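Input: a single structure, listed below in structure tokens.
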Amino acid sequence: MSTSYNPETVELTAQKYWDDAASFEVGEDADKDKYYCLTMFPYPSGKLHMGHVRVFTINDVIARYHRLQGKHVLQPMGWDAFGMPAENAAIQRGIPPAKWTYSNIEDMRGQLKRLGYAYDWSREVTTCRPEYYRWEQWLFTRMFEKGLVYRKNSIVNWDPVDQTVLANEQVIDGRGWRSDALVERREIPQWFMKITDYADELLAELDRMPGWPDSVKTMQRNWIGRSEGVELSFDVIGEDEPLTVYTTRPDTLMGVTYMAVAAEHPLAARAAATDPDIAAFIEECKTMNAQEATLETMEKKGRALGISAVHPLSGEEVPLWVANFVLMSYGTGAVMAVPGHDERDWEFAKKHGLPIRQVIAPTDGSEIDIDEAVYLEHGVLVNSGDYDGLDFDSAFNAIADEFERTGRGSRKVNYRLRDWGVSRQRYWGTPIPIVYCDDCDAVPVPADQLPVVLPEDVEVTGTGSPLKDMPEFVNTPCPKCGKDARRETDTFDTFVESSWYFARYACPDSDAAMLDSRVQYWTPVDQYTGGVEHAILHLLYARFFQRVMRDEGLTDVSEPFSNLLTQGMVLKDGAKMSKAKGNTVDPQELIQKYGADTVRLFMMFAAPPEQSLEWSDDGVQGSFRFLKRFWSAVVEHVAAGPACAVDRDALDDEQKELRRKTHQTIAKISDDIGRRHSFNTAVAASMELLNAVNKFADESDQGRAVVHESLQAVVVMLSPMVPHICHALWQQLGHEEELIDQRWPDVDEAALAQELVEMVVQVNGKLRARIAVAADAHKDVAEAQALGNENVQRFIAGKEIRKIIVVPGRLVNVVV
RNA sequence: GCCCGGGUGGCGGAAUUGGUAGACGCAGCGGACUUAAAAUCCGCUAUCCGAAAGGGUGUGUGGGUUCAAGUCCCGCCCCGGGCACCA
């Protein structure tokens, strides 16, 4: 073998070996301890970007590490192949979405292979294939039978020029991205999945998921947003139907000075019929962006409707308003307003000159001015008649009891979480398996008629819907009565595909059922890795789907992912890499220049996985330099002839010291990778050990033996990150058996023992000296040695020692 | 606006349970090798004062707790992610 490091030769050789030996294809072996290591599968956008390289490398390191720990590891890969970019490419370049997608998959698979990831390619899953999506169509029809899906009207962004529905990101400043037309809010019937049926379970289980980051669990808790409140009704003067509202603050009920309804509310519509100003306001609300971020930050506007409700406790009349921040689709489409104790109500009242009434006072008896500032805390009731003096809990219960007694309201648990709207008015997605019949209404497609195949040979123009224009797709007999009927032309949200692919990897070829018994062996996923941007939606939908599959009897598992690692983005010049900013770095070019191992190493070394990673071309150079040094250290050591075994009793002090460093490093890297996922410090520790080996110039038998032990350990421990070079160096070190089948090195506790340890001495918390103390020395000995130190004496001379703190093996702090 | 993160040398980052701030690497500076350059190797490198020994300052910002705070608590500023049709 040549003495200089040639990454291309080394990497292609290793990859060919793994390929020929099918090293990473795994079956279900009941005697082995399985480890399912998964990364969020990519959208096949055309080319791998650095973000992909980062997350895939992180996951590959974890997978290869666990294999060296003796686990039976499954690491699959596949494609989240439906989605908008394929349609955009079709519009711009006239290539059918299917053709574009399949060709991207080919390219990206090649790139992944060149990076040397330990994937079981025999399990590859592609979501735009009928053999995949037929099973989610099937599950949808099962959910239909169980009443877990339903149809209701909901709002979409309608582009009146292109006659099409736009995604939020396609609406720029209220206008369509292609047509520049003013986008309208339009209500259309859409399919929903009842994720709220599982809200309690999804929430409760978070407390029993130690393998997930607290930040993600908190985000999901807040997203589900369980609240306990009271639903109560207000009579409306001149109306038969009372107005129902939900509040979590019934204690502030006596502070209600007005109420607000949504623009689409029937009461508002009735008022608009006679009042052109209200009609114009409602019209204005139609062009309003419905995104939560916009709703919360926009100017709060409203109009008085000229009608009043009756306060259920005081009998007082409170005016009714229509307001742009109340949405018909959330809750009852109406809210009670307590300007004294709600931020938004306070601002609205100030703006429109509505009365503000204080009904809560601070518990400590201090005075507040409700005209100056809103008071949001829980406190003691005032100006509330019989309820005066009660605290939050007593008032809540007293008022809730009163409403339940009179039948005008009841306690209610509410969730911020809304049901999952899965309908998309797009071509490139899974057809929703429903047929509309004039007699039988919406009929699910029977299992034996699935899949409903998406026609792949289409022309996408960006105007209208391709499926609607295909009579051969749309026209079909009703599965129930046989009469002429029409297929649903909407497709699923692509989050549906990504909500169960992790289970399908266990049995990708199962053609008799969605999942088969192999799923019992592999799931749950032991380690799941992906971007934080998926912390809520994808991960919550996947947790929901897992339970739906469980309740369908397909699996016993409730939680799909035991451990979760959320990785940060790859930045360049402080910003996310994007074509628009022109700050992208092509992994392909770097691999050609330095090899896959250098790219992988830099990714692992430059930042801890959870943080964003700042790209640096110079840093890549440094990683390449390190691999060259690593290569020559091993090659030169081997060239000097064979090394004998370490004889622990025959080592001199320096040999002992290198050996201590070796075993300290083994302990550190094991912890860094296995427990902390701190790959950057694991790499740094390897560099330190290699630096120590390079400085160690002892050609004696035991000297070479100790070096041999170090190098061997580094080769094994770096192999999860840089598998190709380690594969070659392991052979250089004279091994016949393959590195991927080795075991992680063990720590020799005896080698860690130290006679002297360094302790620092502080005076009043400031570092004044370092002393060497026997490792097993008593506190008093360390204390005496510290006080005897010359520099310490300078700072304590003539002062009274008030206290001495000794932290064994670490420091002595003298307080004067 | 709300929820979740983050802020440490010229740069990426380290400091794991409140106990030596700046490991490791990059860049820079000095040196060796070379006809020269590249590559490689060796040394220095938070900052200020000092010849040195040593000392002062220092982890976005203002307070607080503690013998001891990058780490814990309270307020503020800035940056990033998510907010239900980007994936």
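Below, chains carry the letters A, B, ... as their sequence lines are ordered, and counting in each starts from 1. Remember, predicted model here, so these are calculated numbers, not experimental data.
- At a threshold of 4.0 Å, the pair A:D214-A:K217 counts as salt-bridged, since one of the basic side-chain nitrogens sits closer than that to a carboxylate oxygen.
- Between the CH2 atom of A:W223 and the P atom of B:C4 there is a distance of 14 Å, given to the nearest Å.
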Assign a letter to each nucleotide of nucleotides 52-60 of chain B from its 5' end: B, base within under 4.0 Å of a protein heavy atom; S, sugar-phosphate only; -, no contact.
--SSSS---
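- Applying the salt bridge (charged side-chain N to carboxylate O under 4.0 Å, His left out) definition to pairs two or more places apart or across chains, those involving residues 679-694 of chain A are A:K661-A:E688.
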Output a table of nitrogen or oxygen pairs between the protein and nucleotides 12-15 of chain B separated by less than 3.5 Å.
from	atom 1	to	atom 2	distance (Å)
B:G12	O2'	A:A606	O	2.6
B:G13	OP1	A:S612	O	3.4
B:G13	O3'	A:N680	ND2	3.3
B:A14	OP1	A:N680	ND2	2.9
B:A15	OP1	A:R676	NH1	3.1
B:A15	OP1	A:R676	NH2	3.1

Under 3.5 Å, sequence neighbours excluded: what are the donor-acceptor pairs made by side chains of residues 756-773 of chain A?
from	atom 1	to	atom 2	distance (Å)
A:N764	OD1	A:V816	N	3.0

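- Contacts of A:W615 classified as ring pair (Phe, Tyr, Trp, His ring centres under 6.0 Å), with partners at least two apart in sequence or in another chain: A:F602.
- Nucleotides B:A15 and B:U59, compared at atom C1', are 11 Å apart to the nearest Å.
- Contacts of A:H534 with the nucleic acid, taken as non-hydrogen atoms under 4.0 Å apart, include base atoms.
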Identify the pairs formed between an N or O of the protein and an N or O of nucleotides 65-73 of chain B at a distance under 3.5 Å, and give each distance.
from	atom 1	to	atom 2	distance (Å)
B:C67	O2'	A:N813	ND2	3.4
B:C67	O2	A:N813	ND2	2.7

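- A donor-acceptor pair is defined here as one N or O able to donate and one able to accept, closer than 3.5 Å; such a pair exists between the side chain of A:Q793 and the backbone of A:L787.
- Counting only heavy atoms from C-beta on, A:N691 has its side chain closest to B:G25 among B:G25, B:G19, B:C4.
- The residue A:V216 sits apart from the nucleic acid: no heavy atom pair falls under 4.0 Å.
- Among the heavy atoms of the strands lying under 4.0 Å from A:E688 are primed sugar atoms or P, OP1, OP2 only; no base atom is included.
- For A:F624 and B:C26, the CZ to P distance is 14 Å, given to the nearest whole Å.
- Residues satisfying the ring pair (Phe, Tyr, Trp, His ring centres under 6.0 Å) criterion with A:H534, sequence neighbours excluded, are A:H538.
- Listed by first and then second residue, the salt bridge (charged side-chain N to carboxylate O under 4.0 Å, His left out) pairs involving residues 49-59 of chain A amount to none (not counting sequence neighbours).
- Using bins of under 30°, 30° to 60° and over 60° for the plane-to-plane angle, the ring pair A:F325/A:F348 lands in the perpendicular bin.
- In this structure, A:R416 forms a cation-pi arrangement with A:W223, its terminal cationic atom sitting closer than 6.0 Å to the ring centre and no more than 45° off the ring axis.
- Rounded to whole Å, the C1' atom of B:C48 lies 28 Å from the corresponding atom of B:C67.
- For the C1' atom pair drawn from B:G13 and B:U65, the interatomic distance equals 30 Å after rounding to whole Å.
- Within the structure, every pair that satisfies the salt bridge (charged side-chain N to carboxylate O under 4.0 Å, His left out) test and touches residues 488-498 of chain A, not counting sequence neighbours, is listed here: A:R424-A:D493.
- Heavy atoms of A:L417 sit under 4.0 angstrom from at least one base atom.
- When each of A:R770 and A:D671 is assigned the nucleotide of RNA chain B with its nearest heavy atom, A:D671 is the one assigned upstream, toward the 5' end.
- For B:U71 and B:G64, the P atoms lie 14 Å apart once the distance is rounded to whole Å.
- Using a 4.0 Å heavy-atom distance criterion, A:F495 is classed as a base contact.
- Side-chain atoms of A:E292 stay outside donor-acceptor range of the base of B:C3, with no qualifying N/O pair under 3.5 Å.
- When the side-chain nitrogen and oxygen atoms of A:N222 are compared with OP1 and OP2 of B:C83, none of them lie within a distance under 4.0 Å.
- Nucleic acid contact for A:E758: base, since at least one base atom lies under 4.0 Å from a heavy atom of the residue.
- At the phosphate of B:A84, neither OP1 nor OP2 sits under 4.0 Å from any side-chain N or O atom of A:R418.
- B:G5 and B:C86: their P atoms are spaced 24 Å apart (whole Å).
- A straight line from CZ of A:R221 to P of B:C4 spans 11 Å, rounded to a whole angstrom.
- Listed by chain and number, the residues in a salt bridge (Lys or Arg N to Asp or Glu O under 4.0 Å) with A:K194 amount to none (sequence neighbours excluded).
- The residue A:Q220 sits apart from the nucleic acid: no heavy atom pair falls under 4.0 Å.
- If you take atom P in B:A37 and the same atom in B:A46, they sit 28 Å apart, rounded to whole Å.
- The minimum heavy-atom distance between A:L417 and A:T196, with the atom names listed, is O-CG2, 3.5 Å.
- Atom C1' of B:G50 sits at a distance of 9 Å from the matching atom of B:G55, rounded to the whole Å.
- The listed nucleotides are B:C85, B:A87, B:C83; the one nearest the side chain of A:T494 is B:A87.
- A:Q170 comes within 4.0 angstrom of nothing in the nucleic acid, heavy atoms only.
- Classified by its glycosidic torsion, B:G7 falls in the anti category, the angle being over 90° from 0.
- Counting to the nearest Å, the P atom of B:G25 and the CG atom of A:L690 are 10 Å from each other.
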Using Watson-Crick or G-U wobble pairs with both distances under 3.5 Å, give me RNA chain B in dot-bracket, 5' to 3', with [ ] for crossers and | for pairs to another strand.
(((((((..(((......[....))).(((((.......))))).((((....))))..(((((..]....))))))))))))....
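- Going from atom CG of A:D493 over to atom C1' of B:A84 covers 9 Å, rounded to whole Å.
- One cannot find a donor-acceptor pair under 3.5 Å joining the base of B:U20 and the side-chain atoms of A:R810.
- At distances below 3.5 Å, not a single donor-acceptor pair connects side-chain atoms of A:N153 with backbone N or O atoms of A:E187.
- Across A:Y132, A:F495, A:F492, a single residue satisfies ring-ring contact (aromatic ring centres under 6.0 Å, His included) together with A:W500, and that is A:Y132.
- Within 4.0 Å of A:W420, counting heavy atoms only, lies no atom of the nucleic acid at all.
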Contacts under 3.5 Å, N or O only, protein and nucleotides 37-40 of chain B:
none

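- The same atom, P, is picked in B:A68 and in B:U20; the two are 14 Å apart, to the nearest Å.
- Counting any heavy atom pair closer than 4.0 Å across all strands shown, A:M569 reaches sugar-phosphate atoms only and no base atom.
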